[in-house]
Amino acid sequence: MHPEVTESPLLQHLNDEQRAAVTLPNAHALILAGAGSGKTRVLTTRIAWLLSTGQIGPGNVMAVTFTNKAAKEMMTRLAAMLPVNVRGMWIGTFHGLCNRFLRAHYKLAGLPQGFQILDTQDQLSAVKRLMKQHNVDEERFPAKELQWFISGAKEEGLRPGAMEVRTEEDRRKVEIFQLYEEQCQREGVVDFAELMLRSYELLRDNDPIREHYRRRFHHILIDEFQDTNKLQYAWIKMFAGPGNSVFAVGDDDQSIYAFRGARVGNMADFVREFQVGHQIKLEQNYRSFSNILDSANALIAHNKTRLGKNLRTDQGPGEPVRIYEAPTDMAEAQWLVEEARQLAREGIPRHEIAILYRSNAQSRVIETGLFNAAVPYRVYGGLRFFERAEIKHALSYLRLLENPNDDTSFLRVVNFPARGIGARSVEQLQDAARASGSSLHDAVQATTGKAGANLAAFVAKIDAMRVETAGLTLREIIEVMLQRSGLIEHYRAERDGGDRIDNLEELVNAAESFVTQEGFGRDAVALPIDELGGTVLRQSPASQGLDPSLPEINEPAPDYVPPDAETGETLSPLAAFLTHAALESGDNQAQAGQDAVQLMTVHSAKGLEFDCVFVTGLEEGLFPSERSLADYDGLEEERRLMYVAITRARKRLYLSYSQTRLLHGQTRYNVRSRFFDELPEGALKWLTPKNQSFGGSAFGFGMGYPTSRGSSAGTSRASETFASPPVPAQKAEPAHGLRAGMKVFHAKFGEGTVLTLEGSGQDARAQINFPRHGQKWLALAVAKLTPVP
DNA sequence: GGACAGAGGCAGGGA
DNA sequence: GCCTCTGTCC
């Protein structure tokens, strides 16, 4: 390697591991990047280094992420390092890049140029509609399950014809899958999985196209490789021709999406199938103090299936990891609200305080606590902007302007706002459409009577709107649609319609910024970058060894679509905006700007970091979750999830759990999570006394906690004054006198340990672990159990 | 067509 | 306990 290369300013602030990864030779590589080890930095610097050393041009790189956020961050950082037109580069999400690819080759892919994308909601309603039409028993085949079946199959790369059919049930499911595909094709729509699968198939089956892209992308970089599914991995392989290199970055310890098809095994497969010669571990952590890091390391070491990695830091031990046991979930919430307020008083910005939980249902009690204490907070998750009902309605009208044959959209708004078209009329229309093989829109003319008149009026309204909006700007189109559709009027009449109207107006803004910021309609202009050793962005296809007959797609704006090679036809701004709305579901609700405590699930915290982190509800059955305990992989995934949670914290980490919790309307008695026993005692500080192993309060229920309100007169924080919860412990001793963690004797099963208690009175039952007979649920009114001292 | 009541179900979530 | 879906009644 040339000395001037290693002295590049790009490499100055990298450690040895990072520098080694960034400057790897042109060959396949796997980078095992631990949490907080500068993964994004390595990815972006790698691209910048390849460009600045003149090895390749911006058109020769493809970088793939899972989220829009990650893609944007990569582009922003890269733009800060080099004067390069990042928008023209192939940096994006799997689905975003597939969309771009299919728009460029829509004819070969068998799609209309303006194909629209079904989001999860649209897909579910499409499946439901199909099921109704074909009289599928919803009891036997729940629509959600079929949706899951279809997406799952596609993510395995399977079409209906390739599915294994063993039972009558299988046969029926595959049949519906087939019908669903035909329906999508007829309506010119694709779901998320279809974007991937169709791109993959085109690359697989069309040699010239595949070779074109293989010659084009010398370097393929993949972020979060541990989260790729089977189809995504196969898709990557299509691009990886001889002479190309795949640079996969991932962390097997942070694989938490197996439940939705991610195959962490892709990492090992990649190493084997690509004969990866370069594996680099990034183990230097720049985020957390060592007490936090040691806890994470100790925990994850309990997993058996790992590639092996140990994070280290140069920072000192920092503060101990604080652990708090609460008598109830309410008390837990009270405690952490108080603690968070204290942190804020000490000058920690509220947005640097995160409260994490395993499942969304847990947020309610915490929200109540924060609300009552008037602490500003922000909850992540929930409905995104483009998923809101009023926005979906508006988008449906817009889709109908673009494509009258979009039956999903037609059905969504045919009677919204209400215009006298009931279910009966719609059914008749659907029958007519099926009989004539036409879309609902086209079938309307065949209808008669009063219902027919109403339907005709609706169609006429849509068609008139299409005429009226022809030639208007995107903004004007949306404004006309909002008025003519009656949506605004409808929500104005509704009592709580104010927010919805605000959102509809926000839609106009979203469209406006889409047009201006995304630069739609303007060809992205390539910047010659002479500073980069004479690298020129735009090279003629022939000079790059590319097939000149194929569309030139070197520098598209993110949503720029190349015009049809023959007709010059291109996507309308409206169609482009609708695609954007489907691929980028937008922010979820939040009072942005307000400095607020952050509430989210552990899953959504992945990739984020905070000064102070609370991980709450650390109880057996909740975290690790009950459903994960059935299989070994499940528990390991829960442990990885816990690992992700711990490694979010920079300075201060709190872990809390509660002896009882209201879940599904029932009080559950919980044992503290087994994960506590996997943490290094030396890094911990128990704010409440540590009980005997496997949970159960050594002090008994409601004891051991001073019932006097921890006097807030003193300046000492609640947690530092030994165990003084802000509310009195609830007297919740159940009548049967059992507690989780207690040892009991059963006449048949012998001695066992109480794991979980549920219900009360006659319904009370306990889950008990008998060493000889395994775990059993026993009805306490029936089972004769005697406590063992 | 809209309001209301009762039943059933309930992880994690990006595109 | 809460939300969603469905069915019923006016």
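We name chains A, B, ... by the order of the sequence lines, and we start the count at 1 in each one.
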In short, salt bridge (Lys or Arg N to Asp or Glu O under 4.0 Å) pairs touching residues 112-125 of chain A with sequence neighbours left out are Asp119(A)-Lys392(A), Asp122(A)-Lys392(A), Asp122(A)-Arg399(A)
Out of dA15(B), dG13(B), dG2(B), minimum distance to the side chain of Ala418(A) belongs to dG2(B)
In whole angstroms, the gap separating P of dG14(B) from CZ of Phe225(A) amounts to 21 Å
From CE of Met642(A) across to P of dA11(B) the rounded distance in Å is 21 Å
Quick note, Thr120(A) side chain, CB onward, closest among dG12(B), dA11(B), dA15(B) is dA15(B)
- Query: Do Leu583(A) and Thr93(A) have side chains that get closer than 4.5 Å, going by heavy atoms?
  - Reply: no
From NZ of Lys144(A) across to P of dC3(C) the rounded distance in Å is 15 Å
message = Is it true that, when you exclude Gln121(A) itself, more than 12 heavy atoms of the residues, nucleotides or ligands shown sit nearer than 6.0 Å to its CD?
response = yes
Checking dC10(B), dA15(B), dC2(C) against the side chain of Thr67(A) (C-beta onward), the nearest is dA15(B)
- Query: Is there side-chain contact between Glu620(A) and Glu626(A), with at least one heavy-atom pair below 4.5 Å?
  - Reply: no
Between CD of Glu584(A) and P of dG14(B) the distance, given in whole Å, is 13 Å
Looking at dA15(B) and Phe66(A): do their rings stack (centroid distance under 5.5 Å, interplanar angle under 30°)? no
Testing dG12(B), dA11(B), dA15(B) for proximity to the side chain of Thr93(A), the answer is dA15(B)
Between CG of Asp119(A) and C1' of dG14(B) the distance, given in whole Å, is 12 Å
Per atom distances to the Asn415(A) side chain, the nearest of dA15(B), dG1(B), dG1(C) is dG1(B)
Of Gly422(A) and Ser359(A), the one whose closest nucleotide on DNA chain B sits nearer the 5' end is Gly422(A)
Could you check whether Ile421(A) gets within reach of a base, just the sugar-phosphate, or nothing at all, counting any heavy atom under 4.0 Å? sugar-phosphate
